[in-house]
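To start, the structure under review is shown below, and the notes come after it.
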Amino acid sequence: MADLAPDLEAADLTGGAGDLGTAEDAHSAYGTLGRPADPPLRRDPLTRAHALLGAHPVFDGHNALPWALRLHHGDDLTPGHYYDLEYGEPAVSTDIPRLQQGRVGAQFWSVQVPTALSGDHAISATLEQIDFVHQLVRAYPEALRLAMTADDVTECRNRGRIACLLGSAGGQIIDSSLGALRALHTLGVRSMLLTPDRNTPWADAAADTPCAGGLTAFGEEVVREMNRLGMLIDLSYASTDTMRHTLAITKAPVFLHRCAARNLTNHRYNVPDDVLAQLPRNGGICMVTFTPQRVAGPVGAATIEDVADHLDHVRNVAGAAHVGLGGGFDTDPADGRPEGLEDVSGYPRLLAELISRNWSFSDLAGLTWGNALRAMRGAEFAAREARHRRGPSTATIDRLDRADRRDRMTRLHWAWT
């Protein structure tokens, strides 16, 4: 279905760069007979932020509410039994009233599980997470709706529902099986971390000792199969070598769903400038997190200004079409949140800060909604192209990586003889 959002580009007519109003404001600049009318009143940044978000709501890349609810109350989603997201839930940072106050229109719900789980335990825990999100949507049908495609996301927004996507599954849960990867996609998972905070057998993580130098041969096959499926490749938590290696071979846009700029905050999970600079060629998006340690460093409280600084930097290096929002709410309560962004209702305040920094209408509309939707459509387009060239991969890690190790040993042998 076509995107039916009203075009508010005329809002820039109400002032200088970044001076946002509404289409009604722009229209009022002319009298009914074409005569100039009195100039419209300039409104405060927060009011303008709400006006923009009415047409271009937030498409957020990461929220761990499903796991947080399970930790607090277990698996019973019956409204009123243990919690009620429709009337407010103080135990977490996310509920339906606050999502609506924050003007959230689409949300990737994390189905990631702790990396301490592996093998069958990780797979079963992830399946339970997927089932939990499906239950969540069924429990609140007037507010939430499951989305599998970019068109679904637009349809949900146009019908006044919050589009719910399954994402951020950790790469360890496929247990080095491409069949398991395809099964996750069939169940609705639309993005996967190549690595959580530890290496997978086929890719290096930022917080672990490098073993593959990026991706192994099987890791490259995982990337190609994700391209064929249309599953977004999530490079958050990956080592810099893994990021560069993936960008060199992927045919689809990548997601960095919960990152910030390493140039501003030297955190191992943040993204270096040379990787950000490759996003325009790839079409990917860096979704800036609100986690204090990643936007303000290990000491001191973070502020909205700190988050805005990282958004400024990513926009300057990668371009306005390659920056988004990945708040990371309900991921780890011990991390805290920046002042003013304590829960999901705070997005308009962040937009107001960016308006005060003279972000243009088009840049803000891309940040909140357009960039993430475009990257999702890009992955779907790449999948249609890939399916013309190849069928489902039957490769195994034993076959590919054993052959790769043998080839490398042979090359080393001839290099020393």
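In this text, all values refer to a predicted model and were calculated from it rather than measured experimentally.
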**Q.** Heavy-atom pair of closest approach, residues Val153 and Met376
**A.** CG2-SD, 4.2 Å

Q: Would you mind checking if Asp152 and Arg145 are paired as a salt bridge, meaning a charged N to carboxylate O distance below 4.0 Å?
A: no

Q: Could you tell me whether the side chain of His322 reaches within less than 4.5 Å of the side chain of Arg374, counting heavy atoms only?
A: yes

Q | Ring-face cation contact, Tyr269 with Arg258, 6.0 Å cut, 45° max | A | no

(Q) Which residue in the set Gln278, His313, Arg262 passes side-chain hydrogen bond (donor to acceptor under 3.5 Å, both in side chains) when paired with Asp273? (A) His313

**Q.** Distance-only polar pair, side chains of Glu305 and Thr303, donor-acceptor under 3.5 Å
**A.** yes

Q: Could you walk me through whether Leu187 and Leu127 pass side chain to side chain contact (heavy atoms under 4.5 Å, CB included), step by step?
A: CA-CA 9 Å; Leu187 291 172; Leu127 293 176; 3.5 Å; yes

Q: Would you check if the side chain of Asn282 reaches a backbone N or O of Leu247 as a donor-acceptor pair within less than 3.5 Å?
A: no

Q: To the nearest 0.5 angstrom, please state how far the CZ atom of Arg182 sits from the CZ atom of Arg228.
A: 6.0 Å

Q. Is it true that the side chains of Ser191 and Asp234 contain a donor and an acceptor less than 3.5 Å apart?
A. no

Q.
Among Leu311, Asp363, Val307, exactly one meets side chain to side chain contact (heavy atoms under 4.5 Å, CB included) together with Leu354. Which residue is that?
A. Leu311

Q | Side chain proximity check, Leu256 to Met243, heavy atoms < 4.5 angstrom | A | yes

Q.
Is the ring pair Tyr347/Phe290 parallel, tilted or perpendicular, if the boundaries are 30 and 60 degrees?
A. tilted

Q.
Pair Asn270, Thr265 - check side-chain hydrogen bond (donor to acceptor under 3.5 Å, both in side chains), show working.
A. CA-CA 8 Å; Asn270 285 349; Thr265 304; 4.7 Å; no

Q. Do Glu353 and Arg357 sit within salt-bridge range, that is, some charged N less than 4.0 Å from a carboxylate O?
A. yes

Q) Is the side chain of Thr368 donor-acceptor paired with the backbone N or O of Val58 at a distance under 3.5 Å, no angle test? A) no

Q: Verify the distance criterion only: is there a donor paired with an acceptor across the side chains of Trp67 and Asp330 at less than 3.5 Å?
A: no

Q | From CA spacing to verdict: side-chain hydrogen bond (donor to acceptor under 3.5 Å, both in side chains), Glu221, Ser393 | A | CA-CA 8 Å; Glu221 190 69 2; Ser393 175; 2.6 Å; yes

Q) Should Glu225 and Arg390 count as an ion pair when the cut-off is N to O under 4.0 Å? A) yes

Q. Closest heavy-atom contact between Ala261 and Val314?
A. CB-CG2, 4.5 Å

Q | Between Asn227 and Thr250, a side-chain donor and acceptor under 3.5 Å | A | yes

Q: Check Asp197 against Ala205 and note the closest heavy-atom contact, atom names and distance.
A: C-CB, 4.1 Å

Q. Looking only at heavy atoms, what is the nearest atom pair of Arg337 and Leu341, with distance?
A. CB-O, 3.3 Å

Q. Are there more than 12 heavy atoms of other residues, nucleotides or ligands under 6.0 Å from atom CD of Glu339?
A. no

Q) side chain to side chain contact (heavy atoms under 4.5 Å, CB included) between Arg224 and Leu178: does it pass, once the steps are laid out? A) CA-CA 11 Å; Arg224 285 188 285 266; Leu178 297 178; over 6 Å; no

Q: To the nearest 0.5 angstrom, please state how far the NE2 atom of His56 sits from the CG atom of Leu373.
A: 11.5 Å

Q: May I have the step-by-step check of side chain to side chain contact (heavy atoms under 4.5 Å, CB included) for Leu351 and Trp359, ending in yes or no?
A: CA-CA 9 Å; Leu351 267 289; Trp359 278 52; over 6 Å; no

Q: Show your working on side chain to side chain contact (heavy atoms under 4.5 Å, CB included) between Phe108 and Arg190 and close with a plain yes or no.
A: CA-CA 9 Å; Phe108 264 107; Arg190 289 299 178 263; 4.1 Å; yes

Q. His257 vs Tyr237 aromatic rings, parallel, tilted or perpendicular, using cut-offs 30° and 60°?
A. tilted

Q) Which atom pair, heavy atoms only, marks the closest approach of Pro196 to Gly171? A) CD-N, 4.3 Å

**Q.** Heavy-atom closest pair, residues Asp306 and Ala301
**A.** OD2-O, 4.1 Å

Q.
Whether the Ser345 and Asp343 side chains hold a donor-acceptor pair (N or O, under 3.5 Å, no angle test) is what I'd like checked.
A. yes

Q: Step through it carefully: locate the ring centre of Phe255, locate the ring centre of His62, and say whether they are under 6.0 Å apart.
A: no

